[in-house]
**Q** 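Structure provided below as C-alpha cells; questions to follow.
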Amino acid sequence: MIFNKTFEINKVSDSIGNINFREAVRGIIIKDNKILMVHSKNKDYKFPGGGIKKGEGQIDALKREVEEETGYVCNKVNEQIGIVTEISKDRYVNNRIFKMISYYYIAEVDNIVKSQRLDPYEAKLEFKPEWVNIDEAIRNNEKIISVGTESMPNWIFRETYVLKKIQNHIK
C-alpha cells in the first residue's frame, strides 16, 4: 500500500454527536502518461468514484461509479493502493460528524465511452471526464486550495494528497 492517511477537517471532536459513516471507492486510471480525472465547474480535479451501495462490493462499486461519472467502462480493477479517511462536521445536520473512508484502486478502462449518468449534485457541478497530466492536476488543485473559496469542496484536499502520493509512480 502506498498511502493510508486521515484528514480531520475543521478540527472535529468525537464528542460532537452521531457519526454519518460512508465508504467509497476511487479509480486511479492511467493511459499514455495521463490520468483520468473528473473536472468540475469549480475547476478542481477529483478521481472518478463514489459511494458503495448497501450489499455492493468494492470492485463492483468502482466499476459502476467510473462508468456513471466518466462514461468509460472499467474493464479491470487491479490492486488497492491506498486508503484516505476524512472526518469533518456534517454539512447538513448539526451536531453530527461525517466520516468517509475512500479506497483507491488502480484500474483500467476500455476506449468505448458511454453517456455519463450523473447524480443531481454531480450534474449541478458539471462533472466532465478529462485525461490530464498529473502535474497539471496537482498545480490546478493547489492553486484552488491557496485561494480557499467557499465553493471549494472538502475532497480537494484528499484528491491532491493522493495525486502527490502517486505522482512518482506513474511517470
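Count residues from 1 along the sequence. These numbers were taken from a predicted model, which means no experiment stands behind them.
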**Q** Show me, pair by pair, the donor-acceptor contacts under 3.5 angstrom made by side chains of residues 156-164, not counting sequence neighbours?
**A**
from : atom 1 : to   : atom 2 : distance (Å)
R158 : NE     : Y104 : OH     : 3.1
R158 : NH1    : E86  : OE2    : 2.7
E159 : OE1    : Y104 : OH     : 2.4
E159 : OE2    : F47  : N      : 2.8
T160 : OG1    : N141 : ND2    : 3.3
T160 : OG1    : I156 : O      : 2.7
K164 : NZ     : E142 : OE2    : 2.5

**Q** Please report the shortest heavy-atom distance between I2 and K165, naming the atom on each side.
**A** CG2-O, 3.9 Å
**Q** What is the distance from atom CD1 of I30 to atom CD1 of I166, rounded to the nearest 0.5 Å?
**A** 5.5 Å
**Q** Check side-chain hydrogen bond (donor to acceptor under 3.5 Å, both in side chains) between N140 and all other residues, then give those that pass, not counting sequence neighbours.
**A** none
**Q** Do the charged groups of R117 and E69 touch, with an N to O distance under 4.0 Å?
**A** no
**Q** Can you give me the closest heavy-atom contact between V132 and A137, atom names plus distance?
**A** CG1-CB, 4.0 Å
**Q** Between W155 and D44, is the side-chain hydrogen bond (donor to acceptor under 3.5 Å, both in side chains) condition met? List the steps.
**A** CA-CA 9 Å; W155 67 59; D44 63 291; 2.7 Å; yes
**Q** First locate atom CG of N20, then atom NZ of K99, and finally report the distance between them rounded to the nearest 0.5 Å.
**A** 12.0 Å
**Q** Please report the interatomic distance NZ(K53) to CD(E23), rounded to the nearest 0.5 Å.
**A** 15.5 Å
**Q** Is a salt bridge present between R64 and E68, judged by a nitrogen-to-oxygen distance below 4.0 Å?
**A** yes
**Q** At their closest point, which heavy atom of T70 faces which heavy atom of P48, and how far apart are they?
**A** CG2-CB, 3.7 Å
**Q** Other than F98, what residues sit in its cluster of Ile, Leu, Val, Met, Phe, Trp and Tyr side chains whose heavy atoms are under 4.5 Å apart, directly or through others?
**A** M100
**Q** Would you give the length of the straight line joining atom CD1 of I144 to atom CE of M152, rounded to the nearest 0.5 angstrom?
**A** 9.0 Å
**Q** Mind checking ring pair (Phe, Tyr, Trp, His ring centres under 6.0 Å) for Y45 and listing every partner two or more places apart, or none if nothing turns up?
**A** H39
**Q** When rounded to the nearest 0.5 angstrom, what distance separates OG in S40 from NZ in K128?
**A** 11.0 Å
**Q** Tell me which donor-acceptor pairs under 3.5 Å the side chains of residues 75-85 have, and how far apart each pair is, sequence neighbours excluded?
**A**
from : atom 1 : to   : atom 2 : distance (Å)
N75  : ND2    : D110 : OD1    : 2.5
N78  : ND2    : E108 : OE2    : 3.4

**Q** Going from CG on N42 to CZ on F127, what distance comes out if it is rounded to the nearest 0.5 angstrom?
**A** 9.0 Å
**Q** Taking all heavy atoms of M1 and all of N4, pick out the closest pair and write down the distance.
**A** SD-CB, 4.3 Å
**Q** Heavy atoms only: give me the nearest N18-R96 pair and the separation to one decimal.
**A** O-CG, 3.1 Å
**Q** For K31 and V109, work out which heavy atoms get closest and say how close.
**A** NZ-O, 3.6 Å
**Q** E136: what forms a side-chain hydrogen bond (donor to acceptor under 3.5 Å, both in side chains) with it, not counting sequence neighbours?
**A** none
